[in-house]
Amino acid sequence: MSENGKEKFGSHFAVIMALAGSAIGLGNIWRFPYIAGEMGGGIFVLVYILCTLFFSIPLFVTEMAIGRSSGKSAANAMYHLSGKKKFWKYAGLVMVLCPLVICSYYSVVGGWAADFLVKACQGAFGNRSSQEVSEMFGVLISSDIRPLAFHLLFMGLTAFVVMGGIQSGIERFSKYTVPVLFLTIVFILVYSLSLPGASQGVRYLLDFDIHNLTPKMISYAMGQSFYSLSLGMGSVITYGSYVRKKENMLQSSCHVAVNDLFFALLAAFVIMPAVFAAGLQPGAGPGLIFQTIPYIFSEMSAHLPIISAVVAVLFFFTILMAALSSAISLMEVGAAYLVETTHWSRRRISLILFLCLGFLGSLCSLSFGPLSQYKIMDMNFFSILDWFSSNILLIAASMLSTVFAGWIMKKKDFYDELSSGGMYSLNAKVAPVIYYTIRYVAPVIIFVVLVSNFI
Ligand code: TRP
């Protein structure tokens, strides 16, 4: 389907699924549980929920409005709407560069998931002791060729879907994967909660220890909420430009945000009980899910060998799909921009992106093995990229988009977008609340969060 000669999403369902596909990813399954574990459990989860409801949803609608109203990719949207002011051109470029950086290390984690899928298919979690299973991850990341090969495979798949374009690529892909994701995670949740010692994990997630409420924790919660909803980095702006004019954006944004939040909570309630049941530390870092989940399957295999083998395959397949649909949205930001500015074919651009990001990601992958002695501020290359892109660039770019929507974009255009030109009267009533949050409250809070990252 196209509007003004530009390809658009085909239906309301497709919009939600594509945006949820971008939002629901490793951020929910891999990043949220381990950061919640490092930051002290329940109170972090509570702050995360509040941030999502009060800041991320307004920001999400805002970014969609910027995208749809300009009809341009992230880098050009603000430039175009500002009446071609140079500053917004550079601001837009930050929004293109950063998702590409995220994409490069994201693909490394996607590669780990692919490797675990292969292991699951070989029944590798079944006939080993729980300890051996939990150690598999360390063995994988410290080797050289294997994680590298899986990373390149993952990046190749991502580039392949991006090459296919909007409807035949992105839309078709997300429509099937998102519903399957929910089904498998609920199934595993039930099992995880029934493990011996699981209640300790549940308690950890519901424990509101006020001592953990620090500025650093709040800044991580906000960063994670933006990360999880793909905010601040042009994914939402780019997808917003593929949304038809009559789509109710406020409604779709709320749907996406609630789905994403719900999924993150489900993932946390799958992982934490297993962490305690396996006797691991909740603050174990990026490897958390790759150490706990195989443990669940190895325990399960003692009573239910066949079911455990099947669910293991299903689970890693699910993670892989969730990761792919998010990686696609990350790469798509760069692809849309490059196609728009160079007029080269999607095919050629996807290939170039594959080569560049593949290379950057390879350095991340090797930074756990052969390159592990090279550290900056006590972080390896992988962690540096993650920290810098998610805690600094992402927050800075979110601030730019709030300032843009609140101060540069015409108020009337903003209201018009939210209510689809007055078509949705409820949205028209809510629009001022969102507008003033974005104009006055959000930039101040985001600024404080950004600064607190340096203290
Ligand atoms: N939101 C995705 C996740 O939770 C990752 C992601 C996709 C992203 N696009 C983004 C993160 C843009 C930041 C910016 O896994």
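For ligands, and for the atoms within them, numbers begin at 1 and follow the listed sequence. Sequential numbering from 1 along the given sequence is applied to the chain's residues.
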Mind checking whether Trp88 and Phe404 have parallel, tilted or perpendicular rings, split at 30° and 60°?
perpendicular
Need the ligand 1 atom indices (1-based, order shown) with element for anything under 4.0 Å from a heavy-atom of Gly25.
3 (C), 4 (O), 15 (O)
Relative to the heavy atoms of Ser329, which atoms of ligand 1 are at a distance of less than 4.0 Å?
7 (C), 9 (N)
Residue, atom and distance of the protein heavy atom nearest atom 15 (O) of ligand 1 read Tyr106 OH, 2.5 Å
Is there a donor-acceptor contact under 3.5 Å from the side chain of His151 to the main chain of Ser362?
yes
Note the single closest protein heavy atom to atom 10 (C) of ligand 1, along with its residue, its atom name and the distance in Å.
Leu330 CD2, 3.2 Å
When distances are taken from atom 14 (C) of ligand 1, the protein heavy atom at minimum range is Met233 CB, 3.3 Å
Please work out whether the ring planes of Phe263 and Phe182 are parallel, tilted or perpendicular, with thresholds of 30° and 60°.
perpendicular
Closest approach of any protein heavy atom to atom 2 (C) of ligand 1, naming residue and atom
Ser22 O, 3.2 Å
Does Leu394, backbone or side chain, put an N or O under 3.5 Å from an N or O of ligand 1?
no
Between Glu417 and Lys245, is there a salt bridge with N-O shorter than 4.0 Å?
yes
Starting from atom 7 (C) of ligand 1, which protein heavy atom do you reach first, and at what distance in Å?
Ser230 OG, 3.2 Å
Looking only at protein heavy atoms, what sits closest to atom 11 (C) of ligand 1 is Tyr227 O, 3.3 Å
Could you check whether the rings of Phe290 and Phe116 sit parallel, tilted or perpendicular, using 30° and 60° as the cut-offs?
tilted
Starting from atom 4 (O) of ligand 1, find the nearest protein heavy-atom neighbour and note its residue, name and distance.
Ala23 O, 2.8 Å
Near Phe317 CZ, under 6.0 Å, is it more than 12 heavy atoms from other residues, nucleotides or ligands?
no
